[in-house]
Amino acid sequence: DIKDWLHPTITTDFSIEDLSNTTDKNFITASYIRNMILATDGQIMDLIYNSTVTTAKHIQNITNTSEFLDQVVQAVSDHRYISSDDHYILMDRGAVITGFSNRDVGHYLARSFKCQNNTRSGSIKYQGVVYYDDDTNIEMVAMVPNHVGDIIDIKPLSNTLVSESLLFRYLNDTRTRGTDIKLPLMTKGFLTIGKDLTLSKLVQAAYRLRQLGKGQTLELWYLDDTYENIKTFIETNADPKRTINTPCQISSQDIYEWCTNNSIIQAIQTNRFNSSKQEKAAKKQAQVFSDSPQQTLTLTEPLSIPIMAYN
């Protein structure tokens, strides 16, 4: 039963990547997965599972990137109106943003933030949107214009004398892994969840928040299609007795368990693919030996197929 072992307990070191890299289907068991969850990444997993640190949010009726970015601006503005100390970062691990370059996203958000700032008296004005340049990978800032019709100034972050707390950050899908950035202690991350997202990929993205649980918090965003996938998983696998009537019933714990289930499925599929590949390779090598029985082969590399395959 997945509910009996899914929640992580941190005791020792393992690599969560072993789960998706394993080729032995006999290891795809509850015990094996439990050991994988006891990973160095286990602390982040525990924080994702913790509802006081990580929450979930359904972003509905989105048909294009502009509508999604409008939701981002609205969410940031709503939060900021309540707490001016918060800092925000959008991590698009679910690859929700399509048809826009990083520069396009920075440009769109900078102009949208200006419009939002004009609608609320007393709200803190955002001064820029930080993103990675599509060609140079340099951190750039799209400066929020002084007036709605002004041209948006784009400059390197290193040449921008603006407090980090007044900058919104954006990471596209590829930047949600391996990117090391320093964020203010009170940063809130919006992390998009996409179809078939695995636990290791969720953890990689969440780990951009190095101080998660120590002031930094996370909000998992999912669209309508992902909501249906999670709902189906809960009602048919995780807890058949549970019925999901509204998106607000889905928690960060549900998303955690759904991602873990995706990891198991991916590991089994990888095992089947590798097994099939090895069988084909063995048959091909066996055919070579049968066609040329007197041929002597000199091996310069170890055989990747067990020697018994040739008997």
For this session: Evaluate side chain to side chain contact (heavy atoms under 4.5 Å, CB included) for Val76 paired with Phe113, printing each intermediate quantity in order.
Result: CA-CA 9 Å; Val76 171; Phe113 282 143; 4.2 Å; yes
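- A donor-acceptor pair under 3.5 Å is formed between the side chain of Asp224 and the backbone N or O of Asn61.
- One distance of note links NZ of Lys231 with OG1 of Thr246; it measures 10.5 Å at 0.5 Å rounding.
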Problem set entry | Working for side chain to side chain contact (heavy atoms under 4.5 Å, CB included), residues Met140 and Tyr132 | CA-CA 6 Å; Met140 305 296 290; Tyr132 282 88; over 6 Å; no
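- Under the 4.0 Å criterion applied to side-chain N and carboxylate O atoms, Asp153 and Lys155 are assigned as salt-bridge partners.
- Put simply, CD on Gln216 and CD on Gln211 are 5.5 Å apart, with the number rounded to the nearest 0.5 Å.
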Exercise. Checking side chain to side chain contact (heavy atoms under 4.5 Å, CB included) for the pair Tyr170/Asp92: CA distance, chi angles, key distance, verdict?
Worked result: CA-CA 8 Å; Tyr170 165 66; Asp92 189 23; 4.2 Å; yes
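- With Gln249 contributing its side chain and Asn245 its backbone, the two residues share a donor-acceptor pair below 3.5 Å.
- The 12-atom threshold is exceeded at CZ of Arg177, counting heavy atoms of other residues, nucleotides or ligands nearer than 6.0 Å.
- Counting heavy atoms from C-beta on, the side chains of Pro145 and Ile152 come closer than 4.5 Å.
- A salt bridge is absent between Glu164 and Lys182: the closest approach of a Lys/Arg side-chain nitrogen to an acidic carboxylate oxygen does not fall below 4.0 angstrom.
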For this session: For side chain to side chain contact (heavy atoms under 4.5 Å, CB included), just list the numbers for Val144 and Gln127, CA-CA rounded to whole Å, side-chain angles, deciding distance to a tenth of an Å, and then say yes or no.
Result: CA-CA 5 Å; Val144 174; Gln127 295 188 19; 5.5 Å; no
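- When only modelled atom types and interatomic distance are considered, Ser251 and Asp254 share a side-chain donor-acceptor pair under 3.5 Å.
- Annotation for Ala205 and Met91: closest pair O-SD, 3.6 Å, computed over non-hydrogen atoms.
- Of the possible polar contacts, none joining the Thr136 side chain to the Asp133 backbone as a donor-acceptor pair under 3.5 Å is found.
- Using a 30° and 60° split on the angle between ring planes, Trp221 and Phe68 fall in the perpendicular class, above 60°.
- The shortest side-chain heavy-atom distance between Asn229 and Lys195 falls under the 4.5 Å cut-off.
- The shortest non-hydrogen separation linking His87 to Ser165 is ND1-CA, 4.0 Å.
- Ion pairing between a basic and an acidic side chain is recognised when a charged N comes within 4.0 Å of a carboxylate O; Glu139 and Arg175 show no such pairing.
- Side chains of His58 and Tyr222 form a contact here, defined as non-hydrogen atoms less than 4.5 Å apart.
- Atoms CG and CD1, on Leu223 and Ile193 in that order, are 10.5 Å from each other to the nearest 0.5 Å.
- One distance of note links CD1 of Ile181 with CZ of Arg210; it measures 9.0 Å at 0.5 Å rounding.
- Taken together through direct or relayed side-chain contacts under 4.5 Å among Ile, Leu, Val, Met, Phe, Trp and Tyr, Leu166 and Val130 form part of one hydrophobic cluster.
- Side-chain atoms of Thr54 never come within 3.5 Å of backbone atoms of Ser51 as a donor-acceptor pair (strictly under, hydrogens ignored).
- The closest side-chain donor-acceptor pair between Arg93 and Asn172, if any, does not fall under 3.5 angstrom.
- Counting heavy atoms from C-beta outward, Val73 and Tyr108 have side chains that stay 4.5 Å or more apart.
- When hydrophobic clusters are built by joining Ile, Leu, Val, Met, Phe, Trp and Tyr residues whose side-chain heavy atoms come closer than 4.5 Å, directly or via intermediates, Ile151 is not grouped with Met143.
- Here the shortest heavy-atom pairing between Tyr131 and Val129 reads CD2-O, 3.7 Å.
- Between the Arg208 side chain and the Gln204 main chain, a donor and an acceptor come within less than 3.5 Å of each other.
- One finds the CD1 atom of Ile89 at 4.0 Å from the CG atom of Leu171 (value rounded to the nearest 0.5 Å).
- Using a 4.5 Å heavy-atom threshold, the side chains of Asp46 and Val53 count as separate.
- Closest non-hydrogen pair, Gly94 versus Thr192, comes out as N-OG1, 2.7 Å.
- Thr65 approaches Thr98 most closely through the heavy-atom pair OG1-O, 2.6 Å.
- You'll find the side chain of Ser252 stays beyond 4.5 Å of the side chain of Thr55, heavy atoms only.
- Within the model, atoms CD1 of Ile255 and CG of Leu220 stand 4.5 Å from one another, a figure rounded to the nearest 0.5 Å.
- Residues Glu257 and Tyr49 form a side-chain contact, since some pair of their non-hydrogen atoms from C-beta on lies under 4.5 Å apart.
- In this structure the side chain of Lys188 reaches within 4.5 angstrom of the side chain of Thr217, judged on heavy atoms.
- In this structure a side-chain-to-backbone donor-acceptor pair under 3.5 Å is present from Glu235 to Ile244.
- When all heavy atoms are compared, the tightest approach of Ser112 to Asp70 is OG-OD1, 4.4 Å.
- You'll find the ring centres of Phe168 and Tyr126 outside the 6.0 Å limit.
- In this structure a side-chain-to-backbone donor-acceptor pair under 3.5 Å is missing from Asp134 to Ser101.
- For Glu67 (side chain) and Thr63 (main-chain N/O), a donor-acceptor pair under 3.5 Å exists by modelled atom type.
- Distance alone, capped at 3.5 Å, places no donor-acceptor pair between the Ser263 side chain and the Thr198 backbone.
- For the pair Thr236 (side chain) and Thr232 (backbone), a donor-acceptor distance under 3.5 Å is present.
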